[in-house]
Amino acid sequence: MRIATYNVNGINARLPVLLKWLEETKPDVACLQELKAPDEKIPKQEIENAGYTAIWHGQKRWNGVAILAKNGLEIEETGRGLAGEPEDEQSRYIEAVINDTTIGCLYLPNGNPAPGPKLDYKMRWLQRLSKRAKELLDSDVAVVLTGDYNVIPTEKDVYKPERWFDDALFRPEVRKAFHELVAQGWTDAIRKLYPEETIYTFFDYFRNAYQRNAGLRIDHFLLSPHLTNKLKDGGVDNHVRGWEKTSDHAPVWIELEE
DNA sequence: ATGGCATTTAAAAAATGA
């Protein structure tokens, strides 16, 4: 089963790129983030025509997450949003069971400017996610938690670490919270496949970042223990970042043994 | 150290992103 994650940065602005990528790579499951569209503006028909059924949690203007499953795969939604902050209206989490695997699709808050209320929200969100992650581990099922974590895990995952120490993507407390989450028993799939390589999933639109390979690794796959030995392959669809009218993120994918 | 670009809403300019 091929599972992909892709921060599309506006699903309508990105529709041609999204459809071309789906057609080219044909993932069984695609987790999308930053739809930037309310539920009624999700391009359902186009997604259907591409051969996918989808569930989504949209929001006007910002955020928004979706899970697409290839036709023939049953998709059963098991939750949207994270517990712990009832007044939180940002659409950043959706979860479903597909093929006996629980898939959590997340868009973690950016947190900048930091310090400040946005970083505080990010830290709280990380704690809420960790709580859900622990529940899933304790439930003893196969789980993939994937999406845009907005966390650079180590210095290896950023082109110029010294420029990012104060940034909400790389601050010590953010990295610490991420590492504590992983330490519950999760596996960072891409890092497991490529222990030493430089791998980036985001390149900002400024200063030819993509052409200079000045990127960040912030889109991750965390696997529960059931899946660590089923991880066959994975990678970044780097070339998609080079397409016209493309997102600033590149899609990332893994292949799990059935 | 700063600003560079892109998207959304909504009709210009602000907010957000990472």
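Just so we're on the same page: letters track the sequence lines, and every chain starts at 1. Everything quoted here is computed from the prediction, not taken from an experiment.
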* Asked: Would you call A:W56 and A:L32 a side-chain contact if the rule is heavy atoms closer than 4.5 Å?
  -> no
**Prompt:** With a 4.5 Å limit on heavy-atom distance, are the side chains of A:I98 and A:I67 in contact?
**Reply:** yes
Of A:L108 and A:N12, the one whose nearest nucleotide on DNA chain B sits closer to the 5' end is A:N12
Hey, can you tell me if A:F178 and A:Y149 have their rings parallel, tilted or perpendicular (30° and 60° cut-offs)? perpendicular
Next item on the list: For the pair A:W164 and A:Y159, name the ring-plane relationship: parallel under 30°, tilted 30 to 60°, perpendicular over 60°.
Entry: perpendicular
Pick the P atom in B:dA14 and in B:dA1, then give their distance to the nearest Å. 27 Å
- If the P atom of B:dA6 is compared with that of B:dA10, how far apart are they to the nearest Å? 23 Å
Table of protein N/O atoms under 3.5 Å from nucleotides 9-17 of chain B N/O atoms:
none

From NZ of A:K160 across to C1' of B:dA18 the rounded distance in Å is 17 Å
Distance-only, no hydrogens or angles: does the A:Y6 side chain make a donor-acceptor pair with backbone N or O of A:W253 under 3.5 Å? no
- Item | Side-chain N or O of A:R14 closer than 4.0 Å to phosphate OP1/OP2 of B:dT7 | yes
Distance col, row A:W62:CH2 vs A:L35:CG, nearest 0.5 angstrom, shows 15.0 Å
